[in-house]
Amino acid sequence: MHFSYLSLIRQAFAANAGWPRQWRDPEPKPAYDVVIIGGGGHGLATAYYLAAEHGIRNVAVIERGWIGGGNSGRNTTIVRSNYLWEESEALYDHALDIWQDLSQVLNYNVMYSARGVLMLAHTVHDVQSSKRHIHANRLFGIDNEWLTPEECKAFCPPLNIAKTIRYPVLGGALQRKGGVARHDAVVWGYARAASGLGVDIIQNCEVTGIRRDASGAIEAVETTRGRIGAKKVGIVAAGHSSVVAAMADVRLPLESYPLQALVSEPLKPIVPCVIMSNTIHAYISQSDKGDLVIGAGTDQYVSYSQTGGLYINNATLEAICELMPTLRRVRMMRGWGGIVDTTPDRSPILSKTPVPGLFINCGWGTGGFKATPGSGHAFAHTIARDEPHPANAAFTLERFRSGRLIDEAAAAAVAH
Amino acid sequence: MLLIRCPYCGERPEIEFRNMGEAHILRPGTDASDDEIADFLYRRSNTKGLIAERWRHVHGCSRFFNAVRHTVTDKFVSIYKTGEPKPDLTALAASLNGVARS
Amino acid sequence: MTAPFRTASGGRIKRAETLSFSFDGRPLEGHPGDTLASALLANGIHLVGRSFKYHRPRGILTAGSEEPNALVTIARDAGRTTPNLRATEVEIYSGLKASSQNRWPSLSFDVGGINDLFAPIFASGFYYKTFMWPKSFWRSVYEPQIRAAAGFGMAPEKPDPDRYQQRYAHCDVMVVGAGPAGLAAALAAMESGARVIIVDEGAEFGGSLLTDTSARIDGKTGWHWAADIIMSLGLSDKVTCLTRTSAFGYYADNMIGLSERITDHLEVPPAHAPRERLWQVRAKHVVLATGALERPLVFPGNDRPGVMLAEAARTYLNRYGVKVGSRVAVATATDSAYQAAIDLKAAGVEIAVLVDVRPEGGALVELAREAGIRVELGASVCDTVGRLRISSLAIGRIGADGRATRFETIACDGLLVSGGWTPTVHLYSQSRGKLRFDAASQTFLPGVGAQAQISAGAANGTFGLESVLNEGYAAGEAAARAAGKKTFGAKTFSAEATDAAPAGTLGALPTDRDPSRVRAFVDFQHDVTAKDLKLALREGFRSIEHMKRYTTTGMATDQGKTSNLNALAIAAKELGKDIPSVGLTTFRMPYTPVSFGILAGVARGDMFEPVRQTAAHASALALGAVFEDVGAWKRAWYFPKAGETMHQAVNREVTAVRQTVGLFDASTLGKIEVVGPDAAEFMHRLYTNPFLKLEVGRCRYGILTKDDGFVFDDGVVGRIAADRFHVTTTTGGAARVLSHFEDYRQTEWPDLKVWLTSTSEQWATFAIQGPKARDIIAPFVEGIDISAAAMPHMSVRGGTFLGVPARLFRMSFTGEFGFEVNVPADYGRAVWDALYPAVIAAGGAAYGTEAMHVLRAEKGYIIVGQETDGTVTPDDAGLAWAIGKAKADFVGKRGMLRADLVAPGRKQLVGLETVDGTTVLEEGAQITPVAVPAKRSHAIGHVTSSYQSPTVGRSIALALLENGRARHGERLYVPMPNGAIAVVVTDPVFYDKEGKRLDG
Amino acid sequence: MAEAQRIAAFAGLGSIGRTGRFLMEPLPNLARFIFRGSEAAAHDLGLAFGADLSREPLKANATADGRAALWLGPDEWLLIGPEADHAAILGIVAATVIEPSSLVDISHRNTGILLSGSRVEPVLNAGCPLDLDVSAFPVGMSTRTVLAKVEIVLWRKAASTFHLECGRSFAPYVHGFVAEAAREFLG
Ligand SMILES: Cc1cc2nc3c(=O)[nH]c(=O)nc-3n(C[C@H](O)[C@H](O)[C@H](O)COP(=O)(O)OP(=O)(O)OC[C@H]3O[C@@H](n4cnc5c(N)ncnc54)[C@H](O)[C@@H]3O)c2cc1C
Ligand SMILES: NC(=O)c1ccc[n+]([C@@H]2O[C@H](COP(=O)([O-])OP(=O)(O)OC[C@H]3O[C@@H](n4cnc5c(N)ncnc54)[C@H](O)[C@@H]3O)[C@@H](O)[C@H]2O)c1
Ligand SMILES: Cc1cc2nc3c(=O)[nH]c(=O)nc-3n(C[C@H](O)[C@H](O)[C@H](O)COP(=O)(O)O)c2cc1C
Ligand SMILES: [Zn+2]
């Protein structure tokens, strides 16, 4: 059913009895042209674009739990594209372009809200780094502008720009097109649209093995619901990328860490934009529901536990309270963790693998939500055509061999 | 905050320690191939299950040591000094499963 | 004037004392011991809040921290305003100002209530289906409207002036919950001599005993028994008792997070006391005695003010001396509500009817009837009426088909409900313990634990006071034993009480109406109804996690404490599955909300992170220095004279160094003493440079790469003795370089006899640079021949300086002749204070980091972190000369040879001169071959450093540029918003290319 | 030549509290060295130094005349003596230690305070994560650990007396932190 005002009103009169399932719940077929492992935003978007843009509709998305239950359902939803290196700029801006009318394309309100992402600078070195980003972005055509402390305050009134704080705000880089989107809606919107195009979404089905034929090429996946044949397989398993890739004997340059986030009790609007501070480690925005959504840090050790230490939250809230001292009495309502797969250069891998027919989309670490539409779009292209889209051409596995890293971390760029 | 048993100082809180990444990754010589150096620098087992890793009691005795930890429960299974051989993780895992069942 | 619903006697409030407070500006009175909820109820006020989505009038549902409805804002002043507090937890004090939330213009007339009329449209997830047209309206119209309508309270306007403390603690036995089970557990643990911490979130210990006035334990009343135990716990110096303290999180390795509220309940908080304290407790063993929570019933109109949990009403009566109405009805699926009805009736409240959904009722039917209460068995509530408070209920007989037939409408001013009891397993579950579903009691109970803990009492599904006490005691004993203490065997208690049986009902009650049209609320705060849940399932949100997220059930500030089980049961029924196979959503910290302040603790301003100052800081401050933050250090950035701009000051400082002499505080540089017979070999393996042959008394500029071959740090290294090096690192790199060194020493080359000691803070370091440097230091130096012949460039000597032991380096980071003197840090200020007048007298100046940057840039010296960013090799930075080509190996040697690191076209360090000679480029600006690059065109480089150079009289810049060394002389462009700036590529050394000035 | 004045980091910050409940006072200037080397070298040195360099972890030994050797790690000891002992200690090491080892003067790197009183444990536990109960942290125990955001060396000299050292630039933070934590016990 097409979502519209009309359908809402009609259904209101019909006791909302007529709403169909948003996606089908089929039994797995014996085989598919493409099997996507992982029903997060990236996997579902990949399936959607395979069907919508490449005419490949015999596709299954296989999810071990419930779709969106991985990092897609756990992230602080920050969307921006003001990365440093041209490769990253191209990739993330590709996604930002798609965000602009994603709700309309999917006929699902993903609540992309371009309320602006303001990244604060606290030291002379920060200022230099911010400006380098701004100049690089401007040349590339990405909006990113410098705000003085007073302009930062005007843009985000609860911000403390007093000189007396430990690391006073010296200014900030603002990407106005940046903002947030509703994480769950992105997952469900892609699932609904993909399912509508014939993609099978198979939940509660864990991939336990990857089968290759005599030539070494992909032939099937083993799952908790049986063997499913596949001509091509795309791994889009985020925190579990290493685990799944190991099933095909592919060893990845990844480590998985717990990353925490938290929300406050709901408040009337107070934080109008997204505030990020790399130097003192704080990320905050306010959801449309009113809770403050705050990103904490990763724990220091590899873990698949989806929890984390309290001291990580403490460090985050120290920074939040320092930046917005009016929030000290506000209370935390819920905290949680996700498992992020991080690469040595903090840039993703979207590429073929040495195994014919096996493709990998991973390594988004702490910051892949924003890329969901672009990642799915480019990855679908890569799978469909056996060659990368220009937006992801540089994000190969090979770069770790040659040393051609896309090192956003080294360049003092930030996560999220 | 984990509780970690330093082989020198005993049980101490995690904030005194730094995790130093996977253990037993041998530094190759200058004649290493491209793959070997890439393996050494970047590729990690990242196992969901038991891993051997390095810790440093940086705000304590300052020593590096190795540990085997389960990456789902975050429980330490074995702690040993740098230079001691890598435990057989498969055997350890099997013995743990035994414990869990009994 | 006594409040109309206050009983004549009884309860634990201090009746003799009266407190005035206000609610929405209306003055009211209560007594010490009242919560805001009990005081409001005593005044006949049920309407306390508005719900989230439909703005429905809401009253007080519970008497504890699980309250979903009665959220208020408490204001002391503009900074001390706290939103979203539960009226059921707020203790009143004289002058307390409470106000309701999420309503406009007033609580009883709220314009937002219009939403209620559109409820059929505002079904679950409606916002995902609309607000998409026209596209631009989302940001400009819809989202702002939604945001304004959402949210509950408002954050304070002013910064919070209160203080927050934190504390780490350890104990043998940690007891969470101080009801009968917890008190007995603490008693047992105390008797074993264990160190015990017992906490309860309530204002006093006692838990359910405070409500149950009928209980008798070992011949005493429950109140007396509890008081005796509390006193003996309090007298033991091994027991810490914390009231108003919520155990909010159960973390790895038995660490429990506690949030202690210290002053919120006080009229005048003592100045020295923190408002709240975070405890991080590491317990050897934990006893979870967290009790059980009563569940509401799900039926149409179950959310009106006046509808309240039965046990809460009993608590208000017995503990606070408050009658929750004059004529109340009771609807129940369990026995405990009978006791509430009996207690209320005895206190003079008319019980309009008691309906029990169970056809047979329970153990207390006769007792209730004897008390004169009309009991209707096998009956259900079909509906309620009343706008701002319930005025009647319609009851129906439950038929064999599971539907109800309405048979009577009964007037009432309150409706007590009880669906049964849910053990509080939140912390247990957070500890990663597995839950098991107990079919008999229809509850989830602790199963296989994951940590050293044990559950007892109602939290463990044990009901019946005697069993609870005995189980509690046994748990405390077992915990103490597990913690290594000797115990003396089980103690048993004899107790009587009217106890709850665990069973009850789950899910929606039978009704006579069309369930798809009525609104029977499940999650009160988020306005989630039974039919919303069914809609979600219909739309394919069939996992309980999807249902939660689509409907937002259980996602409100109460985290579904009273609603999750009902939602789960409704889902299970609809899906035709049993409850355990549908499963619970994840219990997460915090159990109840915790303030940001408590987690941030004392970290604010100077306590946010240490402010590191050098020994001479005060002197620089006195000279008017402006400081910059570098890592945690404050470094003197420049020294403006009165009226000088930064630019003027820096020019003057640079010129002083070039022409006479400058004094610079370099103390923040990291320093490491590398000692041992293998010290030289160690250095040789770590640095790209050769070190074996460095002579004693000489120094060398060294580059560190990691094994990946990228520049990691740099610094000058002096050989103090054959087996001793004085290593310097960058300011920011001090800690990571030492860690890097220790790593290789301990794990890679443990056979080397070499030891490392940080000396960063041992030495205060001052650079004296400029043609007159030797004249300046000469009077202070003893025991060192500082003549050019005896002490050449890049040498180090030991001696004394101003009479104190010193290490004197002849070296230069400015390109001028100069020295760096290291003295023990406590003498740093004295040495600065001695040098500064001499420098001034010679016509020189103190210079800061900015001038230092200009000086080194004029010489083309790099700064790690500015010219390099982790992607730059030594060769890129023009430092190929510092790579020991003949060395067999060093850290980074192989990494540096990787394909991309030796590929043509890499960015290399160059100088840039603007064609106009005056424009100072912006650092970070990009470089292109053409003046007007197309969108998305490729930058061939970027500016790393840029200054106005007073020395060469023009602007200068350093840059990393593709193939830069081959481009000297080329004209390129730096595109800026208002036009490109033309530049010419040059050698990075702008001044004294031959290095003659180093010789003085 | 004018004699240079020594300004210790804690000295100017002053004492806090009062004897009994809680007192924090700056330590006098001390001679401090980090000795690193084998256990055998440590053994030899201990004999000459007067205070044994413990090979048992976490143990400090002190002499009546103010010398102390604190175990910091299996090859690392902090040697402390009165300021006037500085040269003497250097001499002792030079004369006794034959094995390769490292002695580095850190008299000015570290700075110290003495904390005492019945409330000393909760004050320290505001930022120190260790169990400071005397059963877990007995008299004579020394260790590196943390106090909130700073690394410290903590040595229990008596039941309710701790010697605390930190890097000199961290002194204002430690002082401020302790003052804040002690406030409620002094109010
Ligand atoms: C706390 C937190 C905050 C974050 N904040 C931001 C932010 O502000 N902005 C931003 O851009 N990014 C952020 N991120 C990162 C972002 O969430 C992720 O990069 C992104 O969501 C990844 O999406 P995905 O679809 O690749 O992975 P996921 O959503 O994790 O999907 C992977 C799926 O694979 C499934 N799977 C795994 N193994 C198997 C198997 N064997 N068989 C079948 N299925 C399997 C998983 O169950 C999972 O559902 C944050 C992450 C976290 C944890
Ligand atoms: N009305 C009834 O008949 C009824 C209903 C349920 C239980 N009971 C009876 O109550 C008794 C149960 O005793 P009990 O000791 O198990 O429970 P309890 O309810 O008496 O005590 C639990 C205590 O734990 C506290 N608590 C819960 N979570 C906490 C947290 N995270 N942090 C701090 N404090 C927390 C609560 O404030 C409460 O005071 C039994 O006698 C049982 O039969 C009676
Ligand atoms: C952007 C965002 C907003 C959230 N808002 C809420 C919220 O308002 N209430 C709530 O209980 N949980 C909220 N959550 C957290 C989820 O309840 C849940 O904790 C998270 O999806 C992780 O799943 P888990 O806790 O079930 O493991 C939010 C999560 C995200 C990512
Ligand atoms: Zn240790």
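Side chains are part of it too, since the values below use all heavy atoms of this structure and drop only hydrogens, waters and symmetry mates. Per chain, numbering begins at 1; letters A, B, ... match sequence-line order.
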Exercise for the section: Please state whether the side chain, the backbone, both or neither of A:Leu252 comes within less than 4.5 Å of a heavy atom of chain B. Expected result: backbone

Handout entry: Option that, when pairs with chain B are counted at under 4.5 Å, heavy atom only, ranks first among A:Gly403, A:Gly309, A:Pro344
Key = A:Pro344

Produce the donor-acceptor pair table for chain B versus chain A, cut-off under 3.5 Å.
| from | atom 1 | to | atom 2 | distance (Å) |
| --- | --- | --- | --- | --- |
| B:Glu14 | OE2 | A:Gln300 | NE2 | 3.3 |
| B:Glu14 | OE2 | A:Tyr311 | OH | 2.5 |
| B:Phe17 | O | A:Gln300 | NE2 | 3.3 |
| B:Asn19 | N | A:Gln300 | OE1 | 2.8 |
| B:Asp35 | OD1 | A:Arg401 | NE | 3.0 |
| B:Arg43 | O | A:Arg251 | NH2 | 3.3 |
| B:Asn46 | O | A:Tyr304 | OH | 2.5 |
| B:Asn46 | OD1 | A:Ser256 | N | 3.0 |
| B:Asn46 | ND2 | A:Ser242 | OG | 2.7 |
| B:Asn46 | ND2 | A:Ser256 | OG | 3.0 |
| B:Asn46 | ND2 | A:Tyr304 | OH | 3.4 |
| B:Lys48 | NZ | A:His240 | NE2 | 2.7 |
| B:Arg69 | NH1 | A:Val302 | O | 3.0 |
| B:Arg69 | NH2 | A:Val302 | O | 2.7 |
| B:Thr71 | O | A:Ser303 | OG | 3.3 |
| B:Thr71 | O | A:Tyr304 | N | 2.6 |
| B:Asp74 | OD1 | A:Ser303 | OG | 2.8 |
| B:Asp74 | OD2 | A:Ser303 | OG | 3.4 |
| B:Asp74 | OD2 | A:Ser305 | OG | 3.2 |

Exercise for the section: Can you tell which part of A:Val243 gets under 4.5 Å to a heavy atom of chain B, answering side chain, backbone, both or neither? Expected result: side chain

Practice task
Heavy-atom distances under 4.5 Å only: say whether B:Leu2 touches chain A with side chain, backbone, both or neither.
Solution key: side chain

Practice task
Measure B:Ile15 against the heavy atoms of chain A and call it side chain, backbone, both or neither at under 4.5 Å.
Solution key: side chain

